[in-house]
2 protein chains.
Amino acid sequence: MPDTRRSLPVAQAAVRVRRDAAANADRVLAAAMRLVQAGGVDTLTMDRVAAEAGVGKGTVFRAFGNRSGLLAALTDETEREFQQAFLSGPPPLGPGAPPLDRLLAYGEGRLGLQRVHGAIFRAMHGTPIDRFEVPARKVSVTHVRMLLRQCGIDDALDVITEAVLGPLDSDTAYHLSVERGLGRERLVDDWKTMVRRLVD
Amino acid sequence: MPDTRRSLPVAQAAVRVRRDAAANADRVLAAAMRLVQAGGVDTLTMDRVAAEAGVGKGTVFRAFGNRSGLLAALTDETEREFQQAFLSGPPPLGPGAPPLDRLLAYGEGRLGLQRVHGAIFRAMHGTPIDRFEVPARKVSVTHVRMLLRQCGIDDALDVITEAVLGPLDSDTAYHLSVERGLGRERLVDDWKTMVRRLVD
DNA sequence: TCTGCAAACGGACCATAGTCCGTTTTTCTT
DNA sequence: AAGAAAAACGGACTATGGTCCGTTTGCAGA
């Protein structure tokens, strides 16, 4: 949990990672990918991943904190790319486009990610670690908040941000699009409708 | 999980409950209340509650399905009262007031419940059981959906319902009001602002 | 009241996340 | 190059939710 090595937002402060630790983390990550690929996220147990990686269980926990952390690491690269895109990529997702357009693009992009990593995202929430503390989420909150303000919203900003983010949450998106049968496309459209309505 | 005896919405279908089973369920519930009162929700383990109630662990699980179910049962009475109030109580919560007023009252009431049962609600989400399947939530969704429609919304209804409900979720409400320091009052006000903005 | 059986009981058992600590390895200093 | 301090290792151990199944019990029909 105190492990900052793999956190997304801030550049790592040259904490001198021991070579064996780094190598083991890589092996664990690779093993985890293999397991997920082979049997889905549910088959990923900490014991199994340790065995598959050929390291002790303690090593897995030291490197990734807990199961959520390991799962998060699996989505790390994708998440990093997405962040890069909305923070500094080309419009409409990145800077340059009007804020509303950027916001709409953000939602569409985020929901697109669910198609790829949805099962992992959902599994992450299974563990006690509360989702508000996930670094990637904080970045998103800040970003969406900023866009909303640029759209002219300044009352109730925090609450509105959560409301906007709500349907993009992996569990909620899955529930709406799959369990309630809305469908991916429709979900994206409806989310945009909602945002437009909110923003005026 | 298949246990319908204690579910909120539908009237129980006279399933002939054996006397010992009913008595045990009561004892378990009482024991659970005692434990929560004494040491908080985190100290409520299934083993402990079984011991405290003087029954076997299996009995606890048969009666309540899982930990979430037991926790839900603890909030049952309060939840039932609230449901009764918004379904058929006096305005502005109940029928008779304009839909927007009812909606605003609903949010305020729901957030008020968090003050009482917040810790339990939050603990319920800790377990795998997904929150969309909780009967009480379904009732709320239906209710809020209806009010929103009466307020003139008919596009993107499902998504908007989730967005509106999002900040009322126990985890989110806790995060906003406590961890981010918004405060209870402010949260209620801001939620209302958001809803008004959404509804026009 | 007796009897058969469906339902409930209970606690041993299992799976799994997470912790602890004695041992091993790396890396820094001299 | 050697030694010591720091960091990482690994696997036994703990806590806990949930399952299983042989045994007991309540209830209906005779």
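Residue numbering restarts at 1 for every chain, and letters A, B, ... go by the order of the sequence lines. The model shown is predicted, which means the values in this text are computed figures rather than measured ones.
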Completion exercise
Against the side chain of A:Phe61, the closest entry in C:dC9, C:dG18, D:dG18 is C:dG18
Exercise for the section: Round to a whole Å and report the spacing from CZ of B:Arg67 to C1' of D:dT16. Expected result: 10 Å
Problem - Rounded interatomic separation in angstrom, taking CE from A:Met46 and C1' from D:dG11 - result: 15 Å
Handout entry: Rounded distance in Å - CD (A:Glu52) to C1' (D:dG11)
Key = 18 Å
Practice task
Kindly say if A:Arg62 contacts the phosphate of D:dC9, meaning a side-chain N or O under 4.0 Å from OP1 or OP2.
Solution key: yes
Exercise for the section: Applying side-chain contact (heavy atoms from CB on, under 4.5 Å), name anything that partners A:Gln114, two or more places apart in sequence or on another chain. Expected result: A:Arg110, A:Leu111, A:Phe121, A:Ser170, A:Arg184
Practice task
Determine yes or no for a side-chain-to-main-chain donor-acceptor pair under 3.5 angstrom, with B:Thr59 supplying the side chain and B:Val55 the backbone.
Solution key: no
Problem - 5' priority, DNA chain D, between A:Arg27 and B:Gly58 [closest heavy atom] - result: A:Arg27
Handout entry: Per A:Ala21 side chain, nearest of listed nucleotides C:dG18, C:dC9, D:dC9
Key = D:dC9
Practice task
Kindly say if A:Thr45 contacts the phosphate of C:dT16, meaning a side-chain N or O under 4.0 Å from OP1 or OP2.
Solution key: no
Practice task
Using atom CE of A:Met124 as one end and atom P of C:dA17 as the other, report the distance to the nearest whole Å.
Solution key: 15 Å
Exercise for the section: Could you state the atom-to-atom distance from CZ of B:Phe64 to C1' of D:dT19 in whole Å? Expected result: 19 Å
Handout entry: Distance test, side-chain N/O of B:Asn24 to OP1/OP2 of C:dA8, below 4.0 Å
Key = no
Practice task
For the pair A:Glu162 and A:Arg137, find out whether any cationic side-chain nitrogen is under 4.0 Å from an anionic carboxylate oxygen.
Solution key: yes
Problem - Value in whole Å for how far the C1' atom of D:dT16 lies from CG of B:Leu35 - result: 15 Å
Handout entry: Lys/Arg N to Asp/Glu carboxylate O, A:Glu52 vs A:Arg27, below 4.0 Å
Key = no
Practice task
Report yes or no: is the cationic atom of B:Arg102 (NZ for Lys, CZ for Arg) under 6.0 Å from the centre of the six-membered ring of B:Phe86, at an angle within 45° of the ring normal?
Solution key: no
Pairs under 3.5 angstrom, nitrogen or oxygen only, protein versus nucleotides 27-30 of chain D, please.
| residue | atom | partner | partner atom | Å |
| --- | --- | --- | --- | --- |
| D:dC27 | OP1 | B:Arg19 | N | 3.3 |
| D:dC27 | OP2 | B:Arg19 | NH2 | 3.0 |
| D:dA28 | OP1 | B:Arg16 | NH1 | 2.7 |

Handout entry: Gap between atoms CG and C1', on A:Asp42 and C:dA17 respectively (whole Å)
Key = 15 Å
Handout entry: Heavy-atom donor-acceptor pair, B:Lys57 side-chain to C:dA12 base, under 3.5 Å
Key = no
Problem - Given DNA chain C, 5'-ward residue of the pair B:Thr59 and A:Arg48, judged by closest heavy atom - result: B:Thr59
Exercise for the section: Would you please indicate yes or no on a ring centroid separation below 6.0 angstrom for A:Tyr174 and B:Phe132? Expected result: no
Practice task
Before accepting this row, confirm whether a basic side-chain N of the pair A:Asp169/B:Arg131 lies closer than 4.0 Å to the acidic partner's carboxylate O.
Solution key: yes
